Amino acid sequence: MTAIYILLPLSLLVALGFLAAFIWAVRSGQYEDTCTPAMRMLLEEPAPSGQAGENNSEREEKRNEEQHQ
Amino acid sequence: MVSSSIACPTTEESVEIGRSAAKAAAETTRCFHCGAACTLGVVRAGEHSFCCHGCQTVYEILTHNGLGHFYDLGQQAGIRVDQAARREQYAHLDDPAVWERLLDFSDGQTARVTFQIPSIHCIACVWLLENLFKLHPGIAGSRVNFPRREVEITYAPERVALSEVAALLAGIGYEPQFRLADMEARPAGSPRRKLYLQVGLAGFAFGNVMLFSFPAYLGLGGADAGSLRLLFGGFSLAVALPSLIYSAGDYWRAAWLAVRQRVLTIDLPIAVGLIALYAQSAFEIISRTGEGYLDSLTGLIFFLLCGKVFQQKTYDRLAFDRDFKSFFPLSVTRRTAGGEQSAPLASVEVGDQLVLCNQELIPADARLLSGDALIDYSFITGESAPVEKRAGDYLYAGGQQLGGAIEVRVEKPVSQSYLASLWSHEAFAKQRPDWLNTLTNQFSRRFILIVATVALGSALYWSFIQPPVALKAFVSVLIVACPCALALAAPFALGTAQRLLARHGVFLKNPIVIERLARIQNIVFDKTGTLTAASGGDVKFTGWNGRDLTGAEQAAIRALVKLSTHPLSVRLSAALAEPGAGATVASFEEAPGQGLAGAVGGVPVVVGSASWLGARGVELPAREPGAGSQVHVALNGQPRGYFEVETRLRPQVRQLLGRLGTRYELALLSGDNERERERFRELFGGQARLHFNHDPLRKLELVEQMQRAGRRVMMVGDGLNDAGALKQSDVGVAVVEEAGRFSPASDLILEARMVPRLAEVLAFSRGTVRIVWGSFLLSSIYNAIGLTIAARGLLSPLLCAILMPLSSVTVVAFACLAPRWLGRRLRLGAGGGET
């Protein structure tokens, strides 16, 4: 039973870690816009076609990379 | 197949046929890009039709750059581009002093800017704007924030200038709007952020304290029970404290304010309950006499904050709807080198010269260039006495011009949010003496009294029987008396109701309007534009001596009526649609509801009611009263004839008046003459009061008179000539057509198609108020049970922890679902009649 004396504070620490993560998430603006990502999810990248399309798709990939960094 | 026996038409005839056929086709064709009816002729490209070259150009831009998918995402989702955007319009953005303040970030190679684009309205827009990089190699990427209507663009300043980006956006219909002046103050959603932090902390505390309370619930003990209990209790206290201080912070502030102002609001019992809970728990844990009530405390704070989040989301949703519907002047007349054109409000910039007519709102701070300006600043200051201004004077946005047309030069950018904020402006906050007497406060006053009585009573009782229990009973009563449901019932019920109404074209200034609607006793209707439709119906001219108007005469009359915003003037102006040479009007005069006068090209023209002409010395021949409104015309002092504007009643007005008449006292106010008295007497029935020839001031006086007699009055008007009466009444309803005018004096904006459903809207508000009382009743039942147990000194933490969440959840569920059920039962959405 004495294990609880250690486990309780430890579990509280873990919980505090999650709280810190939440606070960080709110302050870094992740909750600013909960609407547009939902719309973005439904949009497909159209299949590129032709010369102009190739240039575009290259830039699309580059842009996706940059955004994911 | 044409049979050979039919004579072939001649060239002129076939052109005629072709033109009329094209016109007929154009009337039913809708633009592929923006969806507007192609009334001015059809532009074809390939298999698609467009309403104008602007739309066709945007279509070509999009399809040639691989963005044709836009049209798959949204049918006719395009935005009409009235004039090709030129880069020169945005040249000021290339000035380093300017873009330094505008850009979010810049390091020479990459720059990021956020543009506000009010015309974003659907998922197709999001897709298009996030694929902006396909339109210019210098643009690296973009990201849309839909609720805020913003797009953040990352680009390379070396390859594309900021002005080019802006012009590009404008060219496809997404004109960016900037307010250089208040670029500094970007709120970054801070109130919402704080609320999320508070909810997060409260949830954290709630969850963990609940877990810590399990041993106590389950009665687990053992040899170390004492010290373990202290451990769990101590941690619970520690975890609950930040929640109490930070998350409940707004309630402390509000309660303190209430105490200072000696007002009894809902925040007081909440604050008292919170203190009692924490103090009792701390005492019990430290003195090892119990487990405390921290689970109930943290739960209470969490539920209260959830209620706030809900309210915030409701508000956001409503603000979005309202912005999109744009209930303020959508376009102004701009004078450029090429003449006067109608320009969308969003495109007005500093330096533009605008022409403002009678009763038009000044859209932005501007300097008066010419014309007789009589500015009504009642929208801003609440002062109804108009102010005379001379050329060179500075005019503030939100003022209203009374009188003839004036020319102004825009000095500061247009701030649409400023105009929209006029709606909630101080000058229009109806400070009635009983503004605090909302439902919630009414009930909480009684609630506090009852709880205080029970608490003291039980303490007194027990002090005679068993003194130790007295304190326990006293505190238990304070603890269990849950104000949570009280605080949540009204916001949830009213908020849900407000959203429901907004979905059906009824927009409220704030949820409290519902409470006021439910208490209305008298309804006053304006006639023109409210009960009668603003469009449809014929305009017929009858000249004295049977002479029709010549083209020149029509142009002169049209030049005059164009300057007025009275519904009849608008109808005449549309009927006399000759492309006039823009004849200038001198010494313009308008008497609201009476008529107009002015000199067009030197010729004095008078247009208006018979009494108006008579007052200006024009003798009219005898005539019979006609069916519609008669607008007389005099040229050069001689009566020329009259227009008969057929006014049509809105559909189902008869049934509406019948239904309303059984419950409310009705009245009709009109600026028109008595001619229609018989017709409206028949519609309104014998009881109603019908007043004609009332100018705006007399309308206001009538409303005041009713209020002095102790009646609560609702005024239904079109916001044009009755702003004063709308403001004075308990609830002012402004009826708007699709792209209507905006009246900040109103509490409720009603789309024209919902006018026949007014009776249902009122029934809905009455029902919603009953739902709020029902929620109070529900919470009272829980409280009664809780108070009985507490007064007997039998309250345990477990019981408390069950009662509080249970009561909150059921009350909130009831408050949310009941309005929806009510709306369905009243069939709010069914058949709003066609205008």
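Being a predicted model, the structure only gives us computed values, none of them experimental. Just so it is clear: chains get the letters A, B, ... in the order the sequence lines come, proteins before strands, and each one is counted from 1.
Note on residues 195-208 of chain B: pairs passing side chain to side chain donor-acceptor pair (under 3.5 Å), not counting sequence neighbours, are B:Tyr196-B:Lys313. For residues 239-249 of chain B, no residue pair satisfies the side chain to side chain donor-acceptor pair (under 3.5 Å) rule, not counting sequence neighbours.
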Go through the steps for B:Phe232 and A:Ile4 under the test side chain to side chain contact (heavy atoms under 4.5 Å, CB included), then give the verdict. CA-CA 10 Å; B:Phe232 277 88; A:Ile4 291 201; 4.1 Å; yes

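Formation of a donor-acceptor pair under 3.5 Å by the A:Arg40 side chain with backbone atoms of B:Val144 is found in this model.
Separation of atoms CZ (B:Arg193) and CD (A:Gln30) is listed at 10.5 Å; rounding is to 0.5 Å. Put simply, OG1 on A:Thr36 and CD on B:Glu150 are 10.0 Å apart, with the number rounded to the nearest 0.5 Å. Note that CG of B:Leu195 and OH of A:Tyr31 are 12.5 Å apart. Values are rounded to the nearest 0.5 Å. The CG atom of A:Leu42 lies 5.0 Å from the CD1 atom of B:Ile123; values are rounded to the nearest 0.5 Å.
Take B:Leu211 and apply the side chain to side chain contact (heavy atoms under 4.5 Å, CB included) test, not counting sequence neighbours, and it matches B:Phe214.
For a residue to count as touching a neighbouring chain, one of its non-hydrogen atoms must lie under 4.5 Å from one of that chain's; by this rule B:Leu73 touches chain A with the side chain only.
Of all heavy-atom pairs between A:Cys35 and B:Phe146, the closest is SG-CD2, 3.9 Å.
Under the 4.5 Å side-chain criterion, counting only non-hydrogen atoms from C-beta, A:Tyr5 is in contact with B:Leu228.
The contact list for residues 6-13 of chain A toward chain B, using heavy atoms and a distance under 4.5 Å, reads A:Leu8, A:Pro9, A:Leu12 by residue number.
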